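Working notes for the structure below.
Side-chain atoms are counted along with the backbone in the values below, which use heavy atoms only and exclude waters and symmetry mates. If you're wondering where the values come from, they're calculated on a predicted model, not measured in any experiment. The sequence lines fix the lettering, A, B, ..., with proteins before strands; numbering per chain opens at 1.
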Amino acid sequence: MSSYNLLSEPIRKYIRDKRWESLRPIQEAAIQRILATDNNYVLISKTASGKTEAAFLPILSKVNFKESGVKVLYISPLIALINDQFERVEKLCEYLDVSVTKWHGEANKGQKDRLIKDPNGIVLITPESIEAMFVNKPYNVYHLFSTLEYMVIDEVHSFLGSDRGIQLKSLLERLQKINKNKFSIVALSATVSDVNQYVELKEFLGNSENTKIIRDTNKKDINAIFKYFPNASPELPIPLLEDLYEQTKDSKTLIFPNARGRVEEVAVKLKKISDKNKGHKNYFSHHSAVDKEVREYVEFFAKNQSHQNFCISCTSTLELGIDIGNVDEVVQIDATHSIASLIQRVGRSGRREGKQSNLFLYATDKWSLLQSLACWLLYKEQYIEPIVVNKKPFDVLVHQLLSIVKGTSGIILSELLEQLKTNSTFSDIEIDEMKDIIFHLTEIDFLEKIGNEFIIGIEGEKVVNNKEFYSLFKTETFFKVSNKGNKIGELPVSFQIKVDENIFLSARIWKIKDVDFKAKKIEVIPTNDGKKPLFFGNSADTAHKIREKMLEILFTKEKYDFLDEMGQDCIDDMRKDFSVFQLTNFTTERPLLLSNDNLTFYSFAGSKINKTIGFILKHNGIENLYFDDSSSFVIKNLNSDFISVLKHLNFEKSDLDVALRELVETNPAVLDFSKWGQFLPVNYQIQLLKNNYFDFEETINFLQLLKVIKNTD
DNA sequence: GACCTGCTGCGGTTTG
């Protein structure tokens, strides 16, 4: 225990009292390095491997908490995670007489006020709460956070590649600027396995040169079992549910059915089967539309009822590090959209004494089976999709610009530009581009120029003084569902929301008794039979590599011992269907099926490339139907030669910009992916579409190399 | 048929 001896005595006492026999590998490595240097570190290690302690043990040994001011700022993407970590960190801090303060939208205000009176110790916060402080009480940011020594960013991978991540990076740099002595950063992550991702990670922390990666490569052994139950209707096949029940009834299980409606269907139907068989009653659902208190109860149950089995049907709400302990079995119903997501889900399982740890992959559709298989094979190859960071985040610039102006009582142009230009988040955006955007914001009354100084304009006030301002993502308002004052969850308005309709929610069945459209409330009573609720969402993008792997599987002869008979037969059938194509190169060759009067182009490409191809086809007057499951375009009544059309698609730049402008003007909803993009000048909206929504560069690369293989008979 | 994430300030009332 060499690192142990380097820690301060109170921390060593903590370890002794905890009766830890040894430090985990990630802790051994991190303790030595964090104590010895002021480098930034990224600690990469699987869920529940002691990452939090790997960061906090050395930081608490090292930092001098005697001086006034907050010394350590911990940032989390989730309130639930802050509440979880608070208990752990606070217990540790009892040994040091250092105070820990939760600072998020649901945290106790008295504690926050106390911190302002006497800034000290450790603060646990969300990015949005930092944003709010910059906007409303910029002097408090200085008062509290100008003497930081360490910042800890938890679940850092959840920020990378998103607008929320760009916002956090900007906030981090704004904090760094008000600290005379630069603070060091320790970031924690469970799912970074590709060396290419290291570059983006280091860049994110703002000091690539002095950022080091510490990685525990210990893998989790898990046994995959594929089961194929083709379904003919939107409902899950009964044999699948019965098999699922048998596989999970004596375990602690997490089931990921991908969609909230289906999460409810699984929870309710399994519970019914369990009731019939006199099995356990602990069937729950957990997703964003389940009431918060109900979700907390479910988490509490999973964490504390160690002697009882349970089954939680959930969405990605249980992907991140909220502590529910380990489960015995993880079930994925139909394919995940990314390997990163699969890694997180697999990471939830752990071995119980004398029990094999299993991952069940159920598929209800042949394409989903193929995609699931592709994901599993890529997982075994340790592949993970690359992180794509928008280097010209004009929309986040709009937001941060308003945040900076609001935080001042008037700022001159040169000072505003200086603040943006010295923030490396925006270093690829030119000064002239910034000026364009500032000019446009002034035109639409988001900013107002008084003398030499910019302040927030009349229209800007409406936006900045709204609580929706602090976040980079949009949310719609749902109707609150309750039963005699007990909150159950919420549902979006749809034709389903009417009196006497029966729906599933929070793993139970309800009859709608009253809908109050004005108050957006639904009153329900329990009942015995019903339907899954309808939600409307967008599916996440599917990575290019996953589609490529799907194609590869179709052209190999391999048998998979983890596939059931139905599944292997299905894959063999698909292979037979595709055997009419003489295809050998999975990077460049793609099948083109010619039949009577239509053709089907199987692009086997990532979502962004497909969106771009669809747009270009339409732009060239080629009407097509796109099918996401099979990544294919069906084109009817095409007279010209499709291949030459595809190879010679019109990429004239000015022409493309005209087409994109037309798209933005006729269909502004195309910008819905960006909360702040709507306030950009139209030519910047076009650039945003090119950078974030479409991917012309990759599409051109793909099409240039593309060799279309036609069917032979 | 299709995921997730967060939220100030102020004035009022209640509580110790």
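What separates CD1 of A/Ile333 from C1' of B/dA2 is a distance of 15 Å, to the nearest Å. Rounded to whole Å, atom C1' of B/dC3 lies 16 Å from atom CG of A/Leu254. Taking atom NE2 of A/His286 as the reference point, atom C1' of B/dC3 lies 14 Å away to the nearest angstrom. Between A/His287 atom NE2 and B/dC3 atom C1' there is a gap of 11 Å when expressed in whole angstrom units. Atom CD in A/Gln332 sits roughly 12 Å away from atom C1' in B/dC3 (whole-Å rounding).
In this structure, A/Tyr228 and A/Ala363 approach most closely via the heavy-atom pair CD1-O, 3.4 Å.
Listed for the A/Ser162 side chain is a donor-acceptor partner under 3.5 Å among the backbone atoms of A/Gly165. In this structure a side-chain-to-backbone donor-acceptor pair under 3.5 Å is present from A/Glu265 to A/Leu236. Side-chain atoms of A/Ser158 come within 3.5 Å of backbone atoms of A/Glu155 as a donor-acceptor pair (strictly under, hydrogens ignored).
Residue contacts shown for A/His337 are absent, as no nucleic acid heavy atom lies under 4.0 Å away.
Under the ring pair (Phe, Tyr, Trp, His ring centres under 6.0 Å) rule, A/His399 has a single partner from A/Phe134, A/Phe446, A/Phe469, which is A/Phe469.
For B/dC3, neither phosphate oxygen OP1 nor OP2 lies less than 4.0 angstrom from any side-chain nitrogen or oxygen of A/Arg262. Taking only side-chain nitrogens and oxygens, A/Arg260 comes nearer than 4.0 Å to OP1 or OP2 of B/dC3.
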**Request:** At under 4.0 Å between heavy atoms, which parts of nucleotides 6-16 of chain B does protein reach? Answer with one letter per nucleotide, 5' to 3': B base, S sugar-phosphate only, - none.
**Result:** BBBS-------
**side chain to side chain donor-acceptor pair (under 3.5 Å) between A/Tyr362 and A/Asp334, worked out** = CA-CA 6 Å; A/Tyr362 284 84; A/Asp334 287 328; over 6 Å; no
